[in-house]
Amino acid sequence: MRIAVTGASGKTGRAVVEDLLAHGHEVRAVDVAGTPGDRGELADLGAPLLRADLTDFGDTVDALTSVDAVVHLAAIPAPGFFTDARTFTANTAMNSNVFLAAAKLGVGRVVWTSSETTLGFPFGPRTPPRYLPVDEEHYPHPTSAYALSKVVGETLAEHISAWSGIPIVGLRLSNVHDAADYPKIPGFWDDPSARVFNLWSYVDVRDVARACRLALLAEVTGAPAYVIAAGDTLMDRPSADLAAEVFPGVPVRRPLGPYESLLSSDKARDELGYLPRESWRDVLGLPLA
């Protein structure tokens, strides 16, 4: 397929571009930032960067013309980078423009990145989840303007998909890590509160790229959304012990594996075929016990 990847110059975008090219797809790399044209890392991969501002509908239509599918990663990536109003407005504009442009152009499918924050994160002892492991049933519970922009994006996806018949698949990514992030992890172990905000969860960027590719090909309709997380936590303590210590009153719905993620990707496994393959434990040489 010819696939447009928005946000292509970011950490996740580069991994997605590389994965799609490795699997025989043609990629149009799109971003508002980065080195355009035939220079830079993306050009070396075989996908020269097209500069486009996706908050502008005209730019968005031009960027998505003549593609078969879109992987839409472009966004203000987290709370705190900009004001709440700018974060909400920019993310909502980018999502609505991409979805509406895809419908106008007859693009076959959109895969886009929602967020784990739609499920209620950040969590803590005073703001616990309703149950563990957290899954798609915990949606929607936005606690920031950023998370609200993602919930609004999922609502837009649902209705624009219904109008157009185009599948618009949302991936609720956990905190994306790559090999450069992993050496920091042992610093979290002495204080569980350091990473409790997202239940000590993460996802490897290579698994994100794989999830995007699977979502492009899966036999789904409408606007489903899926949690995409690693299979384990960032901690060196058993998950059941962490849950009992930090969230003593929260129901644990099923027995947990020794270091099992408390953010469940079971729906993505069942409907997309997503199985996380990568772990910080392998990178640091600390395999699961």
Side-chain angles (χ1 to χ4, degrees), residues 1-32 34 42 45-75 91 93-115 150 153-154 156-173 176 205-226 228 267-268 271-274:
M1 293 187 289
R2 180 183 294 118
I3 302 166
V5 177
T6 75
S9 66
K11 175 169 68 175
T12 302
R14 291 192 300 270
V16 169
V17 168
E18 188 168 7
D19 181 84
L20 291 173
L21 290 170
H23 286 83
H25 299 290
E26 180 182 341
V27 174
R28 179 180 298 166
V30 179
D31 208 318
V32 74
L42 292 172
L45 292 176
L49 182 68
L50 173 67
R51 290 285 290 270
D53 179 358
L54 300 181
T55 65
D56 180 90
F57 187 66
D59 261 20
T60 307
V61 170
D62 284 351
L64 303 189
T65 296
S66 302
V67 301
D68 302 309
V70 180
V71 177
H72 173 42
L73 310 173
N91 283 353
M94 283 186 268
N95 292 336
S96 63
N97 284 343
V98 167
F99 301 161
L100 289 168
K104 180 181 181 68
L105 296 168
V107 172
R109 178 171 299 203
V110 177
V111 174
W112 72 288
T113 48
S114 185
S115 169
K150 297 296 188 177
E154 293 197 23
L156 289 167
E158 179 182 354
H159 292 290
I160 295 170
S161 175
W163 301 340
S164 65
I166 295 172
I168 304 178
V169 183
L171 303 180
R172 295 173 182 154
L173 301 185
V176 179
V205 70
R206 293 166 292 179
D207 280 330
V208 173
R210 190 175 300 113
C212 289
R213 178 165 42 83
L214 290 168
L216 286 167
L217 302 172
E219 294 184 5
V220 298
T221 59
Y226 302 91
I228 302 295
K267 181 182 177 185
E271 298 186 14
L272 302 180
Y274 168 74

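Since the structure is predicted, the reported quantities are computational estimates derived from the model, not experimental observations.
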>> Using every non-hydrogen atom in the two residues, find where A29 and A8 come nearest and quote the distance to one decimal.
In response: CB-CB, 3.6 Å

>> I need the M94 CE to D53 CG distance, nearest 0.5 Å.
In response: 8.0 Å

> Between N97 and T60, is there a donor-acceptor pair closer than 3.5 Å when you use the side chain of the first and the backbone of the second?
Replying inline: no

> About how many Å separate CE of M1 and NE2 of H23, when rounded to the nearest 0.5 Å?
Replying inline: 12.0 Å

>> Less than 4.5 Å apart, side chain to side chain, heavy atoms only: is that true for I166 and F99?
In response: no

> If you take all heavy atoms of A157 and I168, which pair is closest and at what distance?
Replying inline: CB-CG2, 3.6 Å

> Quick one: does N95's side chain have a donor or acceptor within less than 3.5 Å of a partner on N91's backbone?
Replying inline: yes

> Stepwise, does the side chain to side chain contact (heavy atoms under 4.5 Å, CB included) test hold for L214 with Y226?
Replying inline: CA-CA 12 Å; L214 290 168; Y226 302 91; over 6 Å; no

> Under the side chain to side chain contact (heavy atoms under 4.5 Å, CB included) criterion, do L20 and V5 qualify, and how do the steps go?
Replying inline: CA-CA 10 Å; L20 291 173; V5 177; 3.8 Å; yes

> Does the D59 side chain pair with the main chain of L54, one donor and one acceptor, at a distance under 3.5 Å?
Replying inline: no

>> Out of the candidates E154, R172, K150, only one should pair with S114 under the side-chain hydrogen bond (donor to acceptor under 3.5 Å, both in side chains) rule; please name it.
In response: E154

>> Please check: side-chain N/O of R14 versus main-chain N/O of L42, any donor-acceptor pairing under 3.5 Å?
In response: no

>> I'd like to know whether CD of E271 has more than 12 heavy-atom contacts from other residues, nucleotides or ligands below 6.0 angstrom.
In response: yes

>> I'd like to know whether V67 forms a side chain to side chain contact (heavy atoms under 4.5 Å, CB included) with V107, so could you lay out the CA-CA distance, the side-chain angles of the two residues, the decisive distance to 0.1 Å, and finally the verdict.
In response: CA-CA 7 Å; V67 301; V107 172; 4.2 Å; yes

>> How long is the straight-line distance from CZ of R109 back to OG1 of T221, given to the nearest 0.5 Å?
In response: 9.0 Å

> Would you say R28's side chain and L50's backbone share a donor-acceptor pair under 3.5 angstrom?
Replying inline: no

>> Tell me the closest heavy-atom pair linking D31 and S9, and the distance in Å.
In response: OD2-OG, 2.6 Å

> What's the spacing between L156 CG and S161 OG if we round to 0.5 Å?
Replying inline: 12.0 Å

> Any sub-3.5 Å donor-acceptor pair from H72's side-chain atoms to T6's backbone N or O?
Replying inline: no

> Below 4.5 Å, heavy atoms only, C-beta onward: do T12 and T113 meet side chain to side chain?
Replying inline: no

> Looking only at heavy atoms, what is the nearest atom pair of F57 and A101, with distance?
Replying inline: CE1-N, 3.7 Å

> Looking at G13 and L73, what are the two nearest heavy atoms and their distance?
Replying inline: CA-CD1, 3.4 Å

> Within a strict 4.5 Å, meaning less than it, do heavy atoms of the W112 and V98 side chains meet?
Replying inline: no

> Going by heavy atoms in the side chains, are L100 and I160 under 4.5 Å from each other?
Replying inline: yes

>> Please find the pair of heavy atoms, one from V30 and one from A52, that lie closest to each other, and give the distance.
In response: CG1-CB, 3.8 Å

